[in-house]
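All remarks here apply to the structure that follows.
What you see below is based on every heavy atom in this structure, not just the backbone, and it leaves out hydrogens, waters and symmetry mates.
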Amino acid sequence: MIQLRHEFHQYPELSNHEFETTKKISQILTNWQIPIEPTDLDTGLLAVIKGANPGPTIALRADIDGLPIQEQTALSYKSKNPGVMHACGHDLHLSSLLGAAYQLNQQKDQLNGTVKLLFQPAEEEGFGADQVLEKNVLDDVEAIIGFHNQPDLPVGEIALKAGTLMAGCYHFDITIKGAGTHAAQPQNGTDVVVTQAAIITQLQTIVSRNQDPFHAAVVSVTKVNAGKTWNVLPETAKLEGTVRAFTEADAEKVQQRLIQIVTKTAESFEQTATVNWTRGADPINNDPIITDLVKQGLTTEISQPKLTMTAEDFATFETKIPGTFAFIGSNGSKNAHGVHDPSFEGKDETIETGIRYFVESGKSVLSGLSKA
């Protein structure tokens, strides 16, 4: 599995373009005589292991896409695709699921039910989980299980809890429109750059003055555009950014206040502004029953995870299917680089823990749901 992981790491593909990755996964599973279920997905795939005994159907999920990042590690198996890198460790995830598929297929005589193996496309960009649900790939699934590697945790550690784990991710795109003019004659126009600056400053008051301090949230402006030359005040300015919150209710409160600040600030400068708000990912909210069954099955001691404002589209599945999502340590070094960093390095040894997590939790959930 480590050998396969290295091959996947060398040839990462971007969201919705994981054609060769999908082809390779398919070839491996076919060689192992694990059936692949037909779907309408353009990339990614679903394999199925049917146990000898009747029972529930569950899904084990791994994501397969890379990121538009130029790798800067010294790994012997570093990316050979310029400008693309498995900087989030999805190669660790899919290799772990492949290893689990092999083991579970060897043990299918012991399984009470069916295990579906979802190699999901487009987790980073492209709403891959939504694609899977829209294609009705998981309609008969009663529980879903996944994990993400965590470089700040030592290899071998599994962190898991019921309830809130990761924040929801939301994207805002603001357009401000005023009247352009010569920079030497500002009285003849309405300066959208000043409005832009005022909005950036005022947005920071949402968390500090409108949000309950016991309900964490983040508002970050990450992209600012205005003007094309040095001596003209532009008529249009744009802002983009992200909001993170652990509940939909908090996200809605932030959204309402953000829209109010943007539109009223623009109005005060005799301009107009529009806000386009989109959901990137729902908050991860682990089902207590499925989480407890997973914990019962794991032979590794479970630690309490820290909540994180990063997001994961596994949460989309949890809005429709009871599920649980864990963190698995992938480095643990004092100066380990985080995910989405060009120097990120997930250790090969992570795969052993990932395989065990999928196999043990899958069998435990099948058994538990069979008795329910």
Side-chain angles (χ1 to χ4, degrees), residues 1-32 34 36-47 59-101 117-135 137 146-149 151 169 280-281 310-314 316-317 330 337-348 350-351 354 358:
M1 296 318 304
I2 290 174
Q3 173 74 28
L4 287 174
R5 182 265 169 132
H6 289 183
E7 293 175 17
F8 285 117
H9 190 90
Q10 287 179 306
Y11 299 100
E13 295 175 294
L14 297 177
S15 302
N16 291 318
H17 293 83
E18 311 96 328
F19 298 105
E20 291 303 314
T21 302
T22 300
K23 182 179 178 181
K24 185 173 183 62
I25 294 170
S26 178
Q27 290 172 340
I28 293 167
L29 293 171
T30 300
N31 289 340
W32 291 344
I34 298 175
I36 297 170
E37 193 166 286
T39 71
D40 292 330
L41 294 171
D42 295 326
T43 56
L45 59 86
L46 186 75
L60 307 178
R61 174 268 199 179
D63 36 19
I64 66 174
D65 52 333
L67 283 159
I69 292 175
Q70 181 64 45
E71 184 164 353
Q72 296 179 12
T73 71
L75 296 172
S76 61
Y77 53 91
K78 68 187 298 184
S79 174
K80 293 185 178 181
N81 289 346
V84 187
M85 176 190 176
H86 269 302
C88 205
H90 294 186
D91 53 328
L92 292 171
H93 304 167
L94 72 89
S95 299
S96 296
L97 186 54
L98 278 172
L117 309 157
L118 175 61
F119 294 86
Q120 182 208 309
E123 190 279 327
E124 298 291 355
E125 298 283 347
F127 300 97
D130 289 282
Q131 293 180 40
V132 171
L133 292 178
E134 288 166 4
K135 302 292 185 180
V137 173
F147 81 86
H148 203 291
N149 79 93
C169 171
T310 55
E312 233 284 353
D313 81 346
F314 183 87
T316 302
F317 297 126
S330 60
H337 294 274
V339 296
H340 292 220
D341 187 296
S343 297
F344 165 79
E345 182 180 340
K347 301 294 185 181
D348 285 334
T350 308
I351 297 172
F358 275 134

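Using a distance-only test at 3.5 Å, with no hydrogens or angles considered, no donor-acceptor pair links the side chain of Ser95 to the main chain of Leu92. Judged by distance alone, the side chain of Glu345 and the main-chain N or O of Leu75 form no donor-acceptor pair under 3.5 Å. Within the 3.5 Å criterion, the main-chain N or O of Asn16 finds a donor-acceptor partner in the side chain of Glu18. Proximity of a side-chain donor or acceptor of Ser15 to a complementary backbone N or O of Glu125 within less than 3.5 Å is detected. Side chain of Asp63 to backbone of His90: no donor-acceptor contact under 3.5 angstrom is found.
Residues His340 and Glu124 meet the side-chain proximity criterion, which asks for heavy atoms closer than 4.5 Å. Side-chain contact check for Leu4 versus Lys24: some heavy-atom pair is nearer than 4.5 Å. Contact annotation: the side chain of Asp313 never approaches that of Phe127 to less than 4.5 Å [non-hydrogen atoms, C-beta and beyond]. Thr310 places none of its side-chain heavy atoms less than 4.5 Å from the side chain of Val339. Considering only heavy atoms from C-beta on, Ile64 comes within 4.5 Å of Thr22 through its side chain. Annotation: side chain of His148 is in contact with side chain of His93 (closest heavy-atom distance under 4.5 Å). Within the 4.5 Å cutoff, the side chain of Tyr77 has heavy atoms near those of the Asp348 side chain. For the pair Asp42/Pro121, no side-chain contact is recorded, criterion being any heavy-atom separation below 4.5 Å from C-beta on.
Between Ile25 atom CD1 and Leu94 atom CG the span is 5.0 Å, to the nearest 0.5 Å. Note that the OG1 atom of Thr316 and the CG atom of Asp130 stand 5.0 Å from one another [nearest 0.5 Å]. We find the CD1-OG distance between Ile34 and Ser26 to be 11.0 Å, quoted to the nearest 0.5 Å. For the atom pair His86 NE2 and Gln10 CD, the distance stands at 11.0 Å (nearest 0.5 Å). Taking CG of Leu29 as the reference point, atom CZ of Phe119 lies at 5.0 Å (rounded to 0.5 Å). Taking OG1 of Thr30 as the start and NZ of Lys23 as the end, the distance is 12.0 Å to the nearest 0.5 Å.
The shortest non-hydrogen separation linking Gln131 to Gly126 is NE2-O, 2.9 Å. The nearest pair of heavy atoms linking Phe344 to Cys88 is CE2-C, 4.1 Å. Contact detail for Leu14 and Leu67: the closest heavy-atom pair is CD2-C, 3.5 Å. Ser330 and Asn149 get closest at one heavy-atom pair: OG-OD1, 2.9 Å. What you find for Gly146 and Phe358 is that their closest heavy atoms are CA-CE2, 4.2 Å. Listed here is the closest heavy atom pair of Ala311 and Ala281: CB-CB, 4.0 Å.
Under a cut-off of 6.0 angstrom, the local environment of NE2 in His17 is sparse, with at most 12 non-hydrogen atoms contributed by other residues, nucleotides or ligands.
Checking Glu13 against Thr21 by side-chain atom types alone, a donor-acceptor pair falls below 3.5 Å.
Of the candidates Thr39, Leu117, Val132, Leu41, Leu46 forms a side-chain contact (heavy atoms from CB on, under 4.5 Å) with just one, namely Thr39.
Between His6 and His9, the distance from one ring center to the other does not fall under 6.0 angstrom. Residues Phe147 and Phe314 keep their aromatic ring centres 6.0 Å or farther apart.
Looking at Arg5 and Glu7, no side-chain N of the basic residue comes within less than 4.0 Å of a carboxylate O on the acidic one, giving no salt bridge. With salt bridges taken as basic N to acidic carboxylate O contacts below 4.0 Å, none links Lys80 and Glu20.
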